[in-house]
> 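Before I ask anything, here is the structure I am working with.
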Amino acid sequence: MPATRARKRSGLLRLGAVFLRPYRWPIALALALLTVQAITNLYLPNLNADIIDNGVVKGDTDHILAVGGVMLGVTLLMGAAAIVSVRLAARSSMGFGRDLRSALFRRVESFSQMELNHFGTHSLITRATNDVQQVQMVALLGMTMMAMAPIMGAGGLFMAIRVNARLSLSLAVILPIMAGFIIVIARPALSLFRAMQIKLDRINRVMRETLAGIRVIRAFDRTEADQRRFAEANADLTETTLRVTRLFAVLMPGIMLILNLSTVAVMWFGSRLVGNGDMLIGELTAFLTYLMHILFSVLMATMMFVMVPRAAASADRIQEVLDTVPGITDPEVPAPSPPRRGTLEFRNVEFRYPGAEAPVLSRISFSTGPGEVTAIVGSTGSGKSTLVNLVPRFFDVTNGEVLVDGVDVRRFAQEDLWSRIGLVPQRAFLFSGTVAGNVRDGRPEATDDEIRRALEVAAARDFVDEMGGLDAPIDQGGANLSGGQRQRLAIARAVVRRPEIYVFDDSFSALDFTTDARLRAALHAETREATVLIVAQRVGTIMHADRIVVLAEGSVAGVGTHQQLLDTCQTYREIVYSQLTPEEAA
């Protein structure tokens, strides 16, 4: 546990050390220019004091003009350094944010379903957007305001002591009071900022669920209940935000009160020193300026205290994702790519989810090959989709082996394995873009003629032509299409890939019987040299399969043809007769 806490505390530093490294030279130049800006800023009060004590008091106009010209040059130098340094800092921090988002995206893409379920989609989106933005903003301020604060503070303290050591003793009282006040206010903020990010996750989750399930909410008249659920999450986040705001509402007035009282105290003591002849008026003016520099540096550090706790909480959440090792990765030494034959074998397969008492699948053994159609049927929850998800390694078996072309899928390089498989998932997901773009996801180099051919096989050509052809727009998730249309485009995406193994995971459920029959006839001709694995609830879809595997509670209840299983498998008979009459089944 101590090691874990140490790792969490250093999350912000770890991100900076890794992702700011490519920008070390622009950052170094920006810091150098900020140093120049700070030094020139510290030099100006001396020149101002010189004008007052040696120019104004003595009435020496030439001296005023000469020193004033130097002050103007110093000011221009300071302005140029400020412009260039802020530009470099901005480019570096924006690049840092870009690289961090890219790293998060690549890591999330490598996650298996286990890791995605662990974090949740809503949380991963928040981490890649809001959390990265918080860290990026702190990086920008850290390279500008926070970098100048110690220079201005330390330099101002040195110069103030140099001007008048006796008056500088007041800082020994002012600075501890201000530092203690900041610490007391900022310490509780860190836990509150962590809670804010978690509650922001909850807001995102509720909003995503509402948008995705709006039809269900309206159909069951749950609008008011859903509004209450959102209101509760919103009120929870608001309350936590208000608690943080109340803390910092006290902070800024308190800082300003300390600053103004400090100015009054210094002017009172300083006026007495001037009256006694122990200090010049210009020196008092310079000392007040240095005091402002010191307190302004503390104020800049305070602003960082406002942002750093939230950024630290965000950095921990980002680092948690980056530190998560995907459960499914390429082997260190992938097996040599075997010849593409399309054979598929399940050898005594068992699978259980982490922490589950009983396996979802157990003792699954069967094989299939090119030119064969193997169907998997069973009641809801029997493990059909889980079984086919083992083929592309969405999950890894806990015992046994899944072999493609004679090689355990865990020994494949994942891209090599995926290139052999054309998957149509249970939920046909489409991306925003065009019909051609979605189908071409199956094979980017596919020509328009090949896409049209795939659409023809998938019985999708007619409705695509009605939509406007291959360039017809597709909304995110295929929202502008029916369920059956989405399924047919997903099937076309797999067909254009021309894989050795087709996996259809309940991909015909939204089709009417006529379209289903027409599509299966076209698919049979298109996939006659490939291995076809079909998960289906509709018996009519799989009656003519070469092999039917019946699952019951995660185990194989029977394997055979339709007629063989009718004669020998009670589970299969129950499924068939629940959908067909004995005459239709025969």
Side-chain angles (χ1 to χ4, degrees), residues 103-128 201 204-205 208-209 212-213 317-318 320-331 334 344 346 349-362 364 376 378 380-404 408-431 441-442 476-478 486-487 490 493-494 499 501-507 509 533-535 551 554:
L104 267 174
F105 184 78
R106 288 194 300 270
R107 179 50 59 96
V108 171
E109 273 200 320
S110 71
F111 281 171
S112 69
Q113 195 62 44
M114 298 290 189
E115 288 81 40
L116 293 175
N117 292 341
H118 169 71
F119 285 106
T121 305
H122 57 281
S123 180
L124 290 173
I125 291 174
T126 305
R127 293 173 199 237
D201 280 351
N204 283 342
R205 187 189 72 240
R208 282 176 58 84
E209 289 177 350
R317 287 157 50 85
I318 293 169
E320 184 183 3
V321 176
L322 296 177
D323 286 345
T324 299
V325 179
I328 297 176
T329 58
D330 286 344
L344 175 63
F346 292 83
V349 165
E350 178 186 286
F351 174 77
R352 72 175 68 212
Y353 290 101
E357 294 182 1
V360 178
L361 300 169
S362 60
I364 305 292
I376 301 173
T380 301
S382 59
K384 303 183 298 299
S385 293
T386 302
L387 180 64
V388 296
N389 282 334
L390 298 175
V391 180
R393 284 195 76 196
F394 293 161
F395 302 105
D396 269 346
V397 297
T398 48
N399 272 310
E401 295 176 305
V402 179
L403 297 99
V404 170
D408 191 321
V409 294
R410 291 170 293 186
R411 297 181 56 211
F412 271 99
Q414 291 183 78
E415 289 190 5
D416 186 13
L417 174 64
W418 295 335
S419 69
R420 299 164 188 263
I421 300 169
L423 173 68
V424 184
Q426 192 171 28
R427 180 173 177 265
F429 186 87
L430 300 177
F431 298 91
D441 282 337
Q476 182 180 0
R486 287 196 295 270
Q487 282 189 342
R493 182 168 57 198
I501 300 173
Y502 287 87
V503 178
F504 298 98
D505 185 5
D506 201 15
S507 309
S509 57
L533 195 62
I534 299 176
V535 172
L551 294 184

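Below, all heavy atoms of this structure are taken into account, side chains as well, without hydrogens, waters or symmetry copies.
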> So which heavy atom on R486 is nearest to which on G478, and how close?
NH1-O, 3.1 Å
> Kindly write out the residues that satisfy side-chain contact (heavy atoms from CB on, under 4.5 Å) with P359, not counting sequence neighbours, or none if the list is empty.
E350, R352, S362
> Kindly write out the residues that satisfy salt bridge (charged side-chain N to carboxylate O under 4.0 Å, His left out) with E401, not counting sequence neighbours, or none if the list is empty.
R347
> Which heavy-atom pair separates R410 from G400 by the least distance, and what is that distance?
NH2-O, 3.0 Å
> Nearest 0.5 Å, please: how far is CG in D506 from CZ in R427?
14.0 Å
> Using the test salt bridge (charged side-chain N to carboxylate O under 4.0 Å, His left out), find all partners of R411 that sit at least two apart in sequence or belong to another chain.
none
> Could you report the tightest heavy-atom contact between G422 and A494, atom names first, then the distance?
C-CB, 4.1 Å
> Would you please name every residue forming a side chain to side chain donor-acceptor pair (under 3.5 Å) with D330, sequence neighbours left out?
Q414
> Can you sort out the partners of R107 under salt bridge (charged side-chain N to carboxylate O under 4.0 Å, His left out), two or more places apart, ordered by chain and number?
none
> Out of curiosity, M114 CE to Y353 OH, how far, rounded to the nearest 0.5 Å?
6.5 Å
> Got I364 and L390 here, is their nearest side-chain heavy-atom distance under 4.5 Å?
no
> Considering all heavy atoms of both residues, which atom of I376 and which atom of K384 are nearest to each other, and what is their separation?
O-CD, 3.9 Å
> Apply side-chain contact (heavy atoms from CB on, under 4.5 Å) to A103 and list each qualifying residue two or more places apart in sequence or on a separate chain.
F19, R106, L322
> For the OG1 atom of T398 and the CG atom of L361, what is their distance to the nearest 0.5 Å?
8.5 Å
> Going by side chain to side chain donor-acceptor pair (under 3.5 Å), name the residues that satisfy it together with Q113, two or more places apart in sequence or in a different chain.
N117
> Among residues at least two apart in sequence or on other chains, which ones pass salt bridge (charged side-chain N to carboxylate O under 4.0 Å, His left out) with D416?
R340, R420
> For P334, what residues pass the side-chain contact (heavy atoms from CB on, under 4.5 Å) criterion, not counting sequence neighbours?
P331, A413
> Rounded to the nearest 0.5 Å, what separation is found between the CG atom of D505 and the OG1 atom of T386?
9.0 Å
> Is there a side-chain contact between S509 and Q426, using heavy atoms and a 4.5 Å cut-off?
no
> Could you tell me how the ring of F119 sits relative to the ring of F111: parallel (under 30°), tilted (30 to 60°) or perpendicular (over 60°)?
parallel
> Applying ring-ring contact (aromatic ring centres under 6.0 Å, His included), can you list everything that pairs with Y502, at least two apart in sequence or on another chain?
F504
> Is there side-chain contact between V391 and L423, with heavy atoms separated by less than 4.5 Å?
no
> Run the side-chain contact (heavy atoms from CB on, under 4.5 Å) test against F431 and tell me which residues pass, sequence neighbours left out.
F429, N438, D441, R493
> For residues V397 and V409, determine if any side-chain heavy atom of one lies less than 4.5 Å from a side-chain heavy atom of the other.
no
> Quick one: pull up CD1 in I501 and CG in L417 and give me the separation to the nearest 0.5 Å.
8.0 Å
> Nearest heavy-atom pair of I421 and P499: which atoms, and what distance?
C-CB, 3.6 Å
> Quickly, which of D396, T329, I328 forms a side-chain contact (heavy atoms from CB on, under 4.5 Å) with S112? Name it, please.
I328
> Which residue pairs pass the salt bridge (Lys or Arg N to Asp or Glu O under 4.0 Å) test when at least one of the two sits in residues 115-127, sequence neighbours left out?
R127-E320
